[in-house]
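These notes are about the structure you will find just below.
All heavy atoms count here, side chains included; hydrogens, waters and symmetry mates do not. Protein chains get the first letters and strands the later ones, always in sequence-line order, with residue 1 at the start of each.
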Amino acid sequence: MTTIRLHNTRTRSKEEFIPIDPDNVRMYVCGPTVYDRAHLGNARPVVVFDVLYRLLKQVYGAGHVTYVRNITDVEDKIIDRAAERGIAIDELTRTTTDWFHQDMAALGVDYSADAGFREPKATEHIGGMIAMIEDLIANGNAYAAEGHVLFRVRSYADYGKLSGRSVDDMIAGARVEVAPYKEDPMDFVLWKPSSDDQPGWDSPWGRGRPGWHIECSAMSLALLGESFDIHGGGIDLQFPHHENEIAQSCCAHPRGQFARYWLHNEMLQVEGKKMSKSLGNFFTVRDLLDQGVPGEVIRFVFLSTHYRKPMDWTEAKAAGARRTLRKWYEQTTDDTGAGEVDPAILRALSNDLNTHEAIATLHDLSTRGESAALAASLRFLGLLGESAPEWAAESPVDAGTTALIEQLLAARAEARKSRDFARADALRDGIAAAGVIVMDSASGSTWDLGPDFDLAKLEALK
RNA sequence: GGCGGGUUGGCGGAGAGGUUACGCAGCGGAUUGCAAAUCCGUGUAGACCGGUUCGAUUCCGGUACCCGCCUCCA
């Protein structure tokens, strides 16, 4: 069996992956808070852990891997956004969840027909959260105060271990919320009271709603148990979100191990800078798709940088990815689906998800002309569906334009035949200047529209 | 201030204690009436200073610079 090695944030080292139960490998990844379209950064962990899921299914068998990625549909940002838009909360969360599914499907992440994937919603697990909070209070790890329930950070000796912090260090430069009901400024909220106009559930502490971190602890427990294999997410979640998850889960279920391997992807940048609304370089996956950037291209760009390094999204990379994919799609048009995933691809991914090396292998397969293996490998990486996507086909143009181009090419061929090279070259240069890319071969000329196609220039050549 | 990560050839971006990364661009060649496309060939780079070693870009220490998190943004 292929040995998978993964970098475990918990131990800060690359370790051999040994599942608790090879017949049921279990992975949890923090999913979106559904209040708005997913931005490009949101998509990175989705794609990264999709690759890991594919690898796990390949190695352990499709029926032996459970992947849980939650939907957080109760959160103050959701309340605020629904109020701004004047719509009901469940309408906002439902619409946003649909958007998320559509946008991620465009990136090759579609689990609508995947039996091993689970997508729990926080609002469906409120009971589990309340039960866990009660356990924490009973164990002395949490306390109720003024309608709130807070986690007593000092009661968990290992708090801060994942992110390499000590509570005392954090207090120093701390920008933590100080509240009169807190025993310690580092204590974080498990439950908070809701006013009448806020969503709330009845609880032993009055009507209220959960804090941000408890839902992942409750949902992973419900679907994966006290101990499971892999927990993933963006590195920004390492602290405090994952730290708090560990504290909650390990204190509520001291005999469980919670997650054994912690994987974190690095952040995304845009043209060398952090993506932020203030810099004006903030955009969603949908924005890119609407601009005509294919989902496969976005996925390819993601995969070209190792997940533990910051990834810089640039126009140049997108353009290069598009060219490369198009070339490979043309090379695999006759594919019958009989090819096998190249073992080098699996080796690369098994080495801490070295997707960049996997892409290098694709280049190698392409150069060697092994198109069947190339197609199978592309599919495995989620870069090719049943057939090549439409955007990679001949640029769609109307019949009149096609006829005009064919006519001009015929005129050029005629001029060449009669050795009127001045006219042939003039036509060639004119066609190129109009943005039509002509490729000659022994059997004739083929053509394609370039990005700067200009019909007016073409018509002027008539 | 605390914690974590990074610094590789023109650009992007990997692996490996001693052998070609790969891609893009460039250059040379083949091909072509000339081109484009294609094919072949071509690049000894590893922030700086020390240390370990027969040998380090790869291990260890330090310096500089950059980035992220600590502001419920993945």
Problem set entry | Any-strand Watson-Crick or G-U partner of B/A56, both distances under 3.5 Å | none
Exercise. Can you find a donor-acceptor N/O pair under 3.5 angstrom joining the side chain of A/Asn354 to the base of B/G15?
Worked result: no
For this session: Specify the separation, in whole Å, of atom CG of A/Leu268 and atom P of B/C69.
Result: 12 Å
For this session: Give the ring-plane orientation class for A/His231 versus A/Tyr28, where under 30° counts as parallel, over 60° as perpendicular and anything between as tilted.
Result: tilted
For this session: Figure out the CG/P separation between A/Asp364 and B/G23, and round it to whole Å.
Result: 8 Å
Exercise. Centroid-to-centroid, A/His242 to A/Trp262, below 6.0 Å?
Worked result: yes
For this session: Would you kindly compare A/His356 and A/Asp236 by the position of their nearest RNA chain B nucleotide and give the one closer to the 5′ end?
Result: A/His356
For this session: Check if the side chain of A/His39 and the base of B/A74 share a donor-acceptor pair of N or O atoms closer than 3.5 Å.
Result: yes
For this session: Using Watson-Crick or G-U wobble geometry with both distances below 3.5 Å, tell me the partner of B/U31, or none.
Result: none
For this session: In whole angstrom, give the distance that lies between atom CG of A/Asp312 and atom P of B/A14.
Result: 12 Å
Problem set entry | Any donor-acceptor N or O pair under 3.5 Å, side chains A/Thr33, A/Glu75 | no
Exercise. Which base, if any, makes a Watson-Crick or G-U wobble pair with B/U63, both distances under 3.5 Å?
Worked result: B/A47
Exercise. Within this structure, what is the CG-to-P distance between A/Asp73 and B/C72, rounded to whole angstrom?
Worked result: 20 Å
Seminar exercise, completed: Note: A/Trp328 and A/Ile359 closest approach over all heavy atoms is CH2-O, 4.1 Å
Exercise. Pick one: which of A/Trp212, A/Trp191, A/Phe188 meets ring-ring contact (aromatic ring centres under 6.0 Å, His included) with A/Phe151?
Worked result: A/Phe188
Exercise. Contact class for A/Lys192 vs. all strands (heavy atom < 4.0 Å): base, sugar-phosphate, or nothing?
Worked result: base
Exercise. Tell me: CG of A/Leu427 to C1' of B/A36, nearest whole Å?
Worked result: 15 Å
Seminar exercise, completed: Assert: residue with more 5' nearest nucleotide on RNA chain B, out of A/Arg412 and A/Lys317, is A/Lys317
Problem set entry | Rounded distance (Å) that lies between atom C1' of B/G4 and atom NE2 of A/His7 | 10 Å
Exercise. So, do A/His356 and A/Leu303 sit near enough that their side-chain heavy atoms are less than 4.5 Å apart?
Worked result: no
Exercise. Side chain of A/Arg428, base of B/C34: donor and acceptor closer than 3.5 Å?
Worked result: yes
Exercise. Can you tell which of B/A74, B/G15, B/G33 lies closest to the side chain of A/Asn351?
Worked result: B/G15
For this session: Return the nucleotide paired to B/C69: Watson-Crick means purine N1 to pyrimidine N3 with N6-O4 or O6-N4, wobble means G-U with N1-O2 and O6-N3, both under 3.5 Å.
Result: B/G2
For this session: Please report, rounded to the nearest Å, how far the P atom of B/A74 is from the CE atom of A/Met311.
Result: 17 Å
Problem set entry | Residue matched to B/C11 through Watson-Crick or wobble contacts both under 3.5 angstrom | B/G23
Exercise. Applying a 3.5 Å limit to both distances, which nucleotide forms a Watson-Crick or G-U wobble pair with B/A37?
Worked result: none
For this session: Measure the distance from CG on A/Asn265 to P on B/G4 and round it to the nearest whole Å.
Result: 19 Å
